[in-house]
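Reckoned from all heavy atoms, side chains included, excluding hydrogens, waters and symmetry mates. Letters go in sequence order (proteins before strands), and every chain restarts at 1.
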Amino acid sequence: MTKRTKEILNRLDTAYGTDFICYLNHDNAWQLLIAVILSAQCTDARVNIVTKDLFVKYDTLQKFADADIAELEQDIHSTGFYRNKARNIILCARRLIEEFQGEVPSDLSDLTSLAGVGRKTANVIRGNIYNDPSIVVDTHVKRISKRLGFTKESDPEKAEYDLMKVLPKDHWILYNMQIITLGREICTARNPKCGECFLSDLCQAEDKKC
DNA sequence: AACTCGGGGCA
DNA sequence: TGCCCAGAGTT
């Protein structure tokens, strides 16, 4: 690890601490799974608004499996792509019950075989529920790993593997969450708050507006 | 690689 | 009112 990388990681720790942060509200694994499915192309803040009521109305996995699709579509409407998501959530709930004894699987290929669960969603589940070292590559991570020069590629898989090389393995998930926090709060896609950024002197972004 | 699947927030 | 934001699946 280069001295610069070490400095970046130290500052992330200083700024955000070593407490694990999950931005999606949930009480258990299946709730997190549904919350992450809803979070596709949608902000975590909005997902939390929707799931607050959703998990009261549908308080068991079975209720999602038995849900009326038109009604569920309305319940999750504001998260966008609601027809796909409602169908996927119902299919997911049924498969969890029928094939996984009502549990959320930990295996990556099992997870990505579920409707509406892609690589990002699967890695969120693995990191949050099973503490499996895997890098969540969402658009925050893609953007920041590029701005920090951890990857020059726009390919998400490339970003994931580049970050895996850069970040210490025993802190993958923690640094991953810290980077996502930086992306949400400071290093935003548009109009990043470079004046407030504790990494601005180490930033390699061509589009930075410091 | 390119397309489709919607809605919320903001200027 | 038009632009930007946020993943998964299919062809």
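Residue pairs that meet the ring pair (Phe, Tyr, Trp, His ring centres under 6.0 Å) test with at least one member in residues 162-193 of chain A, sequence neighbours left out, are A:His171-A:Tyr175. Counting only residues at least two apart or on different chains, the ring pair (Phe, Tyr, Trp, His ring centres under 6.0 Å) pairs with a member in residues 61-110 of chain A are A:Trp30-A:Phe64, A:Tyr58-A:Phe64, A:His77-A:Tyr82.
The side chain of A:Tyr82 contributes no N or O atom lying less than 4.0 Å from OP1 or OP2 of B:dC5. A:His77 has a side-chain polar atom (N or O) that falls below the 4.0 Å cut-off from OP1 or OP2 of B:dG7.
Applying the ring pair (Phe, Tyr, Trp, His ring centres under 6.0 Å) test to A:Phe198 and every residue at least two apart in sequence or in another chain returns A:Tyr16. In this structure A:Thr2 satisfies the side chain to side chain donor-acceptor pair (under 3.5 Å) test together with A:Thr5, sequence neighbours excluded. For the salt bridge (Lys or Arg N to Asp or Glu O under 4.0 Å) test, no residue two or more places apart in sequence or in another chain qualifies with A:Glu196. Annotation: side chain to side chain donor-acceptor pair (under 3.5 Å) contacts of A:Arg94 (sequence neighbours excluded): none. For A:Thr188, the side-chain contact (heavy atoms from CB on, under 4.5 Å) criterion is met by A:Pro192, not counting sequence neighbours.
Here C:dA8 is the nucleotide among C:dA8, B:dG7, C:dG7 with the atom lying nearest to any side-chain atom of A:Thr121. Which of B:dG7, C:dG7, B:dG9 sits closest to the side chain of A:Lys120 comes down to C:dG7.
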What protein N or O atoms touch nucleotides 2-4 of chain B N or O atoms at under 3.5 angstrom, if any, and at what distances?
none

Polar atom pairs between nucleotides 1-5 of chain C and protein, under 3.5 Å, N or O only, would you list them?
residue : atom : partner  : partner atom : Å
C:dC4   : O3'  : A:Arg190 : NE           : 3.3

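Between the side chains of A:Ser109 and A:Asp107, at least one donor N or O sits under 3.5 Å from an acceptor N or O.
Rounded to an integer number of Å, the gap from CG of A:Leu72 to P of B:dG6 is 14 Å.
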